Amino acid sequence: MALKFMTADEAASLIKHNVNVGISGFTPAGCPKDVPVALAKRAEAEHSKGNPFKIGMFTGASTDDYTDGFLTRAGAIKFRTPYQTNNDMRKAINNEEFSYFDLHLSTLAQDLRYGFFGNVDVAIIEACAVSESGEIVPTCGVGIMPTIAKMANTVIVELNQWHPKELTGMHDLCEPLPPPNRKAYNIEKVSDRIGNEFVKVDPSKIVVVKCNVPNEGTDFAPVDDITTQIGQNVANFLIDEIRAGRMPKSFLPVQSGVGNIANAVLAAMGESKDIPDFEIYTEVIQDAVIALMENRRIKFASGCALTVSNQCIENVYNNLNFFKEKLLLRPSEISNSPEIIRKLGLISINTALEADIFGNINSTHVMGSKMMNGIGGSGDFTRSAYLSIFVTPSVAKGGKISAFVPMVSHHDHNEHSVKVLVSEHGIADLRGKSPRERANCIIDNCAHPEFRPLLKEYLKRGAKGQTPVDLYNAFAFHKAFLETGDMRNSKINVGC
């Protein structure tokens, strides 16, 4: 059957008001470009005529400005899930311009198949290859692509020729059976394959839009003294775990979050001669992973997306014969599967927005109400990891904000799941400690010295009981920031 080819504008015209649209990719990697922009222009045109035009959006994770940015600025979104990083979208969410619900990334594909969020009417998928028989090969990011491709009535394939068709073979694509017939994932090593190199759908559903657009390059802040020290602290802790016999001498696979701290941690691990060559089982593969792979320090990496700078991905594409033997891209429900995470014994390393003195983590909200990005996959990995580590600089905004507070303003990960906290000042190993012991450990080892007396005073004021919380002063740090712009002005009310 011959495939149908269209322009981006023609493909966008197939998408009607009030439908639900699934988007491929995971972070800017693997996301479509031309069709979302054309769709945003269509929404603006309809609005100028006085007509309503909004869509629901399901994505693998965050996308790029072509998708989240253009569609937000066009007022074309009625709801969005599960994760985002776009500045315009963040502002719209916090201004309550449309509905946003934050999800663990491993759950969205199955929740869609279960029918929890309605239909997927249209899928927009970036691909490096598509056949007349309906075999679609994604580019450098997968996300929920297999599920939306099969569920959608219309599948718009952006055949992006910036990505080489020789990427075919780098993907491991499958969907689990629904309960009660679901089988175990037969992944016992990071490099094990359980699926196909492509997703096959009914070709009669497919329309193809050709384009040639590079990725929206992902450049993180450079490593500085603080992130370097955090990375070194993590590496030293892991070395001590090996020496103490609490971790195999052959080491374990590593999952790391996104950003400059994650890159710094991986770089420190790679530089240490006391950490063996290791593997990565994660959702986002960053520049540091590729560099360590070239240096033969990382043996294999499995993830959901190549979220790297354009210079880095061009290096990968120019050396595909080397990297295809060491990289595998999977759907998010496989890359983030709690079953596989527990089975492989992952070391999870994620970034906290703030932590409280008992080990609870806020990954998502500023001052309890303003959404930053979302929980992403941090919950998928933290709860099931062999060893769960959270990292953060001790202060932000030039020292005006303490990352360690009496009580987090929003709970994403509770103290039952968090084993280790690391800042530039040191390491708090929380395993086997009572709440009061955890608090002293975190304050003494991770909090910035300028905030330690205030935190100690708060702990002293805590009510007698299992967890010494002082409800009168639990948000004293946040209150001081809201009133004065500086948490250092916090006052612990000793009269309550």
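Just so it is clear, the model here is predicted, and its values are computed rather than measured.
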Between the side chain of Ser24 and the main-chain N/O of Gly30, is any donor-acceptor distance below 3.5 Å?
yes

Do Leu103 and Ile375 make a side-chain contact, defined as non-hydrogen atoms from C-beta onward lying under 4.5 Å apart?
no

Side-chain donor or acceptor of Lys419 paired with backbone N/O of His416 under 3.5 Å:
no

Does NZ or CZ of Arg383 fall inside the cone over Phe381's six-membered ring, less than 6.0 Å from its centre and within 45° of the axis?
no

How about Asn373 and Thr85: does a side-chain donor come under 3.5 Å of a side-chain acceptor?
no

Say you draw a straight line from CG of Asn350 to OG of Ser388; how long is it, rounded to the nearest 0.5 Å?
9.0 Å

Would you say the side chains of Ser409 and Glu354 form a donor-acceptor pair under 3.5 Å?
yes

Is there side-chain contact between Asp192 and Asn186, with heavy atoms separated by less than 4.5 Å?
no

Within the structure provided, determine whether Val213 and Tyr66 are in side-chain contact (heavy-atom separation under 4.5 Å).
yes

Salt bridge or not between Lys343 and Glu188? Use side-chain N to carboxylate O under 4.0 Å.
no

Using the ring of Phe322 (Phe, Tyr or Trp, six-membered ring only), decide whether Lys326 places NZ or CZ under 6.0 Å from its centre and within 45 degrees of its axis.
yes

Checking side-chain hydrogen bond (donor to acceptor under 3.5 Å, both in side chains) against Arg330, which of Ser335, Ser337, Ser302 comes through?
Ser302

Sidechain N-carboxylate O distance under 4.0 Å for Arg113, Glu175:
yes

Go through the side-chain N and O atoms of Thr59 and Arg80 and say whether any donor and acceptor fall under 3.5 Å apart.
yes

Walk me through it: do Ile124 and Val155 pass the test side chain to side chain contact (heavy atoms under 4.5 Å, CB included)?
CA-CA 6 Å; Ile124 311 174; Val155 179; over 6 Å; no

Value for CD1 (Ile23) from CG (Leu71), rounded to nearest 0.5 Å, stands at 7.0 Å

Rounded to the nearest 0.5 Å, how far apart are CD of Gln84 and OG1 of Thr67?
13.0 Å

Would you say the side-chain atoms of Glu126 and Thr139 include a donor-acceptor pair closer than 3.5 Å?
yes

Just verifying a value: how many Å separate Glu279 CD and Leu346 CG, rounded to the nearest 0.5 Å?
10.5 Å

Test item: Asn20 and Lys78 side chains (from C-beta on) under 4.5 Å apart, heavy atoms:
yes

4.5 Å side-chain heavy-atom contact, Pro393 and Ile261
yes

Should we say atom CG of Asn51 is surrounded by more than 12 heavy atoms from elsewhere, each under 6.0 Å from it?
yes

Assess whether side chain to side chain contact (heavy atoms under 4.5 Å, CB included) is satisfied between Ile349 and Val254, documenting all intermediate values.
CA-CA 8 Å; Ile349 307 168; Val254 175; 4.0 Å; yes

Asp380 and Ser106: side-chain donor and acceptor closer than 3.5 Å?
yes

Salt bridge or not for Glu241 and Arg431, using N-O below 4.0 Å?
yes

Restricting to salt bridge (charged side-chain N to carboxylate O under 4.0 Å, His left out), what partner residues turn up for Arg296, sequence neighbours left out?
none

Looking only at heavy atoms, which two atoms of Ile361 and Val418 are closest? And how far apart?
CG1-CG2, 3.7 Å

Are Leu353 and Thr364 close enough that some pair of their side-chain heavy atoms sits under 4.5 Å apart?
no

Could you check whether any side-chain N or O of Thr382 sits under 3.5 Å from a backbone N or O of Gly379, counting only pairs where one atom can act as donor and the other as acceptor?
no

Output, in order, the C-alpha distance, side-chain angles, deciding distance and verdict of side chain to side chain contact (heavy atoms under 4.5 Å, CB included) for Val209 and Val157.
CA-CA 6 Å; Val209 175; Val157 176; over 6 Å; no

One thing to verify: whether Asp202 and Lys205 come together as a salt bridge, which I'm taking to mean a side-chain N less than 4.0 angstrom from a carboxylate O.
no

Can you give me the closest heavy-atom contact between Ser332 and Phe26, atom names plus distance?
CB-CE1, 3.8 Å

For the backbone of Ile194 and the side chain of Asp172, can you confirm whether one donor and one acceptor N or O come within less than 3.5 Å of each other?
yes

Verdict with reasoning, Val19 to Val21, per side chain to side chain contact (heavy atoms under 4.5 Å, CB included):
CA-CA 6 Å; Val19 304; Val21 178; 4.0 Å; yes

Strictly by modelled atom types, are Asn86 and Asp68 linked by a side-chain donor-acceptor pair under 3.5 Å?
no

Between Asn319 and Glu294, is there a side-chain donor-acceptor contact under 3.5 Å, judged purely by atom types and distance?
no

Side-chain contact test, heavy atoms from C-beta onward, threshold under 4.5 Å: evaluate it for Gln161 versus Cys211 and give yes or no.
no

Taking all atoms of both residues into account, what is the closest heavy-atom pair of Thr72 and Ile77, and its distance?
OG1-CD1, 3.6 Å

For the CG atom of Asn233 and the CG atom of Leu421, what is their distance to the nearest 0.5 Å?
12.5 Å

Plane angle bin for Phe278 and Phe251 - parallel if under 30°, tilted between 30 and 60°, otherwise perpendicular
perpendicular

Rounded to the nearest 0.5 Å, what's the gap from OG on Ser62 to CG on Leu105? Could you check?
9.0 Å

For the backbone of Tyr114 and the side chain of Asp111, can you confirm whether one donor and one acceptor N or O come within less than 3.5 Å of each other?
no

Return yes if some donor-acceptor pair links the side-chain N/O of Ser272 with the main-chain N/O of Met269 below 3.5 Å, else return no.
no

pair Phe70-Asp64: side-chain heavy atoms closer than 4.5 Å
no

On a heavy-atom basis, which atom in Thr392 and which in Ala403 lie closest, and how many Å separate them?
OG1-CB, 3.7 Å

Validation row, ring centre Phe79 to ring centre Phe117 under 6.0 Å
no

Going by the angle between their ring planes, with limits at 30° and 60°, are Phe53 and His17 parallel, tilted or perpendicular?
tilted

For Arg297, all residues meeting salt bridge (charged side-chain N to carboxylate O under 4.0 Å, His left out), sequence neighbours excluded:
Asp277

Is Thr228 reaching over with its side chain to a backbone N or O of Asp224, donor-acceptor style, under 3.5 angstrom?
yes

Could you verify whether a donor N or O on one side chain and an acceptor N or O on the other, from Lys33 and Asn215, lie under 3.5 Å apart?
yes

Residues Val201 and Ala149: closest non-hydrogen pair is CG1-O, 3.5 Å

In short, Asp287 meets Asn263 closest at the heavy-atom pair N-OD1, 4.2 Å

